[in-house]
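Each remark here refers to the structure printed beneath this line.
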Amino acid sequence: MKNDNATPPPTNFIRNIIEKNLADNLYQHKKWSGKPGPEIEHAKAPEDTARIRTRFPPEPNGYLHFGHAKSIILNFNLAEDYQGRCHLRFDDTNPEKESEEYVNSIIDSVRWLGYEFQDEKENNLYFASDYFDYMYEAAVVLIKADLAYVDKQTPEEIRLNRGTLTEPGKDSPFRNQSVEDNLTLFEAMKQGKYADGEMVLRAKINMASPNINLRDPAIYRIRHVTHHNSGDKWCIYPMYTFAHPIEDALEKITHSICTLEFEDQRPFYDWVLKKLADAGFLAKPLPKQHEFSRLNLTHVVLSKRKLIQLVDEGHVHGWDDPRMPTLVGAKRRGYPPSGFKLFMDRIGVSKADSVIDYQVFEDAMREVLNHECDRRIAVLNPLKLVIHNFPENHIELCEVPNHPQDSERGSRQVKLTKELWIEKEDFEVNPPPKFFRLFPGNQVRLRYGFVIECTGYETDDQGKVIKVLCDYLPDTKSGTPGSDAVKVKGNIHWVSAQFSTSVVIRNYDRLFHSDNPNDAENFLDDINQNSIQMSEAVCEEHITQASIGDQFQFERHGYYIVDPESSTEQMIFNRTATLRDIWQK
RNA sequence: AGGGGAGUCGCCAAGCUGGUUAAGGCACAGGGUUUUGAUCCCUGCAUGCGAAGGUUCGAAUCCUUCCUCCCCUGCCA
């Protein structure tokens, strides 16, 4: 076990910011009415008991993946570490792409990671769509302050007049429409008097801004679409850039943490909040946006488009395929939530673009799995072994610990008989140098049993080894006095041919060959065609007591989890990760 | 001269209000323990902080110039 004191507490620039904010008493007297709302509702409420508030704001338009896990763990851990709260908020402002199916899956995945957002004190499950009334009101506030206008230009015209990266844009001919006209038009938009795309509400900032996001960004668009939550109440929907700062403010979020690509958006985020605060709609302390670099992993694609393609084109068997970098996939693969947390601790949080070696991810998983999993014995590639001098019908009970480093996990008895299954790889007719397993004349220990000496083998017509013969040394049984008298270098595992059960094994490997599949002309060409290898294995009989989701280390092989497709007749095991293997290298 | 970010060991990443020999993890290389060639333990692993100048008794940390990479021209988020 590692000494936790040896590793310094993980720190990062966001924690530094929070600690400084707290030291500056920035949030000392902030209010919280118990539910999201504008300042008029928070003002009369007591001081917030949460020192900070963060939020995880997914759009319910897909399944959560490893990248989301980074954000979830960051936000929830921050809240926990600084005696704050973290909200789960669905950023559902675009009904064309969103659905309830995703809402439910996302909730499940956040909980699976071990985070809760609803308890006896607070229910912090929110939907941006529940704030549509406030957002409409906020838009009206801006219009009245002559800070927003309804633009009747076509989308094409708006695009053309936006200018380019190096040239300023041109003002819309509708930019100086009267406040009254804007109010009337916006109301008419809301009433459904116009078709999709006919007009849009825009913030009035500066068409010549060097930051393109400030060239009068659209803040409301017309979409005659049924919303998964608000139904047909609205036919106009706020844009993310306008909605997000308001969502954060209504929820009294202190630290709004997002990924780097939103950095250019921050001036607009601050603009919206300031203007609404000026109008008395919101009050300080206003939320602050902070950006970190998103997760990239070698041999993995995380773009939503590519993940959809993998599923839709059948390169994997659905979103929860154990090879998918989704959280539902991770669950089925057997990657534990605690492994994700350890992984996030190890990779840290910064603003530098980075690509993490998949090894780092896998090693974090191995570390927690090694600690958490009971051991079991399975022979994945069976070869018959016959102990020539072993009594015909004798059953030798062997005591096998469930965990070599944790005796409190107890032990079990495994039956040793004359005929056993061993791994094909554990026997060599002509062993390579330094091979210390079984070969003619060599001695090895049958793990937890006796030392045996290989006396010969049998082959089929093709010369393939089909049976290994040996003698056992009666005085060498594990755990008995003097059993160590005979020293052997090799230890091989085995299961009784008589007392064992057959199971299906699904060995998974990386889905993509190259470090960065995105570099390929077509990432699909980089797919590893051997990313899943099915086989039948023989396992010790105790395994039949396992249930779906149970995880074990199959000794000398790796970590496996019982797949949901298992039945009592046919158990199926997914390989989560192999054990490290210096010999293979 | 569009704007915004980032560059510290093979991969991450602390440090960056200037001041002991530049944390830590992963990887890698040795060694020890071990009835998993696993785990665990020990040792090694940047005279160097994108580059070049400068300020200073002293710079990864301050200044100047330069180089490289990433993001931004949706009525997506």
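Order of the sequence lines fixes the chain letters, A, B, ..., with proteins taken first and strands second; residue numbering starts at 1 for each chain.
- Taking the P atoms as reference points, C26(B) lies 9 Å from C40(B), given to the whole Å.
- To the nearest whole angstrom, the two C1' atoms, one in C76(B) and one in A59(B), are 45 Å apart.
- For A6(B), the paired base is U68(B) (Watson-Crick or G-U wobble, both distances below 3.5 Å).
- U17(B) and A1(B) have their C1' atoms separated by 32 Å, with the value rounded to a whole Å.
- Tested against R55(A), the residues H244(A), H255(A), E251(A) include a single side chain to side chain donor-acceptor pair (under 3.5 Å) partner, H244(A).
- Look at D216(A) and R162(A) and you find no salt bridge, because none of the NZ, NE, NH1 or NH2 atoms lies under 4.0 Å from a carboxylate O.
- Checked by distance alone, R223(A) brings a side-chain donor or acceptor within 3.5 Å of a matching partner on the base of C75(B).
- Counting non-hydrogen atoms under 4.0 angstrom, E555(A) reaches a base of the nucleic acid.
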In B/S/- notation (B base, S sugar-phosphate only, - none; protein heavy atoms under 4.0 Å), nucleotides 2-7 of chain B written 5' to 3' is BBSSS-
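- Geometrically, K351(A) does not engage F292(A) in a cation-pi contact defined by less than 6.0 Å to the ring centre and at most 45° from the axis.
- Checking G25(B), C76(B), G37(B) against the side-chain heavy atoms of R556(A) singles out G37(B) as nearest.
- Looking at Q553(A), its side chain comes within 3.5 Å of the base of U36(B) through a donor and an acceptor atom.
- Considering only side-chain atoms of N213(A), the nucleotide from G74(B), G15(B), C72(B) that sits closest is C72(B).
- Contact check on R346(A) versus E367(A) returns a salt bridge, with a Lys/Arg side-chain nitrogen under 4.0 Å from an Asp/Glu carboxylate oxygen.
- For G31(B), the base is anti relative to its sugar; the glycosidic angle deviates from 0 by more than 90°.
- Spacing of C1' atoms, U21(B) relative to U65(B), comes out at 32 Å, to the nearest Å.
- Note on R447(A) versus E555(A): salt bridge recorded, some NZ/NE/NH1/NH2 to OD/OE distance being below 4.0 Å.
- Lacking a ring centre under 5.5 Å from that of the base six-membered ring together with a plane angle below 30°, Y240(A) does not count as stacked on A77(B).
- One cannot find a donor-acceptor pair under 3.5 Å joining the base of U73(B) and the side-chain atoms of R215(A).
- In this entry the distance linking CZ of R366(A) with C1' of U36(B) reads 14 Å, nearest Å.
- F439(A) and F435(A) have tilted rings, their planes meeting at an angle from 30° to 60° on a 0 to 90° scale.
- Of the nucleotides present, G44(B) is the one that pairs with C28(B) by Watson-Crick or G-U wobble criteria, both distances under 3.5 Å.
- The residue among Y559(A) and N16(A) whose nearest nucleotide of RNA chain B lies closer to the 5′ end is N16(A).
- Residue G479(A) is in base contact, counting any heavy-atom pair closer than 4.0 Å across all strands shown.
- Atom P of U20(B) sits at a distance of 14 Å from the matching atom of G58(B), rounded to the whole Å.
- Annotation: of the two residues near RNA chain B, S354(A) and F554(A), the 5′-most nearest-nucleotide partner is S354(A).
- With P as the reference atom, C49(B) and A60(B) are 7 Å apart, rounded to whole Å.
- In the set A13(B), U73(B), G37(B), the nucleotide with an atom closest to the side chain of T164(A) is U73(B).
- No salt bridge links D345(A) with K341(A); every basic N to acidic carboxylate O contact stays at or beyond 4.0 Å.
- Taking the side chain of R221(A) as heavy atoms from C-beta on, and the options C76(B), A38(B), G15(B), the nearest nucleotide is C76(B).
- The side chain of V360(A) lies closest to C26(B), out of C26(B), U36(B), G74(B).
- Sorted pairs that involve residues 298-308 of chain A and meet salt bridge (charged side-chain N to carboxylate O under 4.0 Å, His left out), not counting sequence neighbours, are lacking altogether.
- Aromatic ring orientation, F436(A) versus W583(A): tilted (interplanar angle from 30° to 60°).
- Checking G10(B), A13(B), G15(B) against every side-chain atom of D357(A), the shortest atom distance belongs to G10(B).
- With both pairing distances under 3.5 Å, U55(B) is matched to nothing as a Watson-Crick or G-U wobble pair.
- Of the P atoms belonging to G54(B) and C11(B), the separation is 30 Å, rounded to the nearest Å.
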